[in-house]
Amino acid sequence: MGRSRRTFDSYSRHVAALALHFGKVPTELDPEDIKDYLFELQNRSKTPSQSYFKHTVYGLRFLLKTTASKK
């Protein structure tokens, strides 16, 4: 896996939030859907959490790398 268990858990939580938001598996989303979601994350509050945003992005990257390597 190459990452700590806590990092993997964090990535999983953020990717799960994305999946719940759309009601789809993240790998089935269009790139525009993901861009819109990330834009929404940045605009949710006056002081958006950069770490929440970054962990969402990193979680998506990890997911896409692992699914691409299985093909």
Side-chain angles (χ1 to χ4, degrees):
M1 186 162 63
R3 289 170 176 73
S4 76
R5 181 71 186 165
R6 289 182 65 176
T7 299
F8 180 74
D9 289 345
S10 177
Y11 289 176
S12 298
R13 279 192 304 278
H14 289 84
V15 171
L18 174 73
L20 289 172
H21 177 80
F22 285 103
K24 291 182 179 180
V25 176
T27 55
E28 296 175 355
L29 294 172
D30 294 324
E32 275 304 308
D33 291 333
I34 294 172
K35 287 180 190 177
D36 291 344
Y37 180 78
L38 294 174
F39 182 76
E40 182 182 319
L41 281 184
Q42 286 290 28
N43 293 311
R44 273 192 187 162
S45 69
K46 293 178 183 175
T47 56
S49 167
Q50 287 300 312
S51 65
Y52 189 92
F53 179 82
K54 287 192 284 187
H55 277 253
T56 301
V57 171
Y58 298 156
L60 285 168
R61 283 182 188 167
F62 183 75
L63 173 69
L64 294 174
K65 283 180 186 178
T66 57
T67 56
S69 67
K70 291 182 180 180
K71 290 182 179 181

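Evaluation of the salt bridge (Lys or Arg N to Asp or Glu O under 4.0 Å) rule for Glu32 yields Lys35 as partners, not counting sequence neighbours. Taking Lys24 as the reference, nothing meets the salt bridge (Lys or Arg N to Asp or Glu O under 4.0 Å) condition, with sequence neighbours excluded.
No side-chain heavy atom of Tyr37 sits under 4.5 Å from any side-chain heavy atom of Leu29.
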Show the atom names and distances, to 0.1 Å, of all donor-acceptor pairs under 3.5 Å that link a side chain in residues 8-21 to residues at least two apart or in another chain.
| from | atom 1 | to | atom 2 | distance (Å) |
| --- | --- | --- | --- | --- |
| Ser10 | OG | His55 | ND1 | 2.8 |
| Ser12 | OG | Phe8 | O | 2.9 |
| His14 | ND1 | Ser10 | O | 2.6 |

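Atoms CG and CD, from Asp30 and Glu28 in turn, are 10.5 Å apart once rounded to the nearest 0.5 Å. For the atom pair CG of Asn43 and CG of Leu38, the computed distance is 11.0 Å after rounding to the nearest 0.5 Å. Rounding to the nearest 0.5 Å gives a distance of 4.5 Å between CG of Asp33 and CZ of Phe22.
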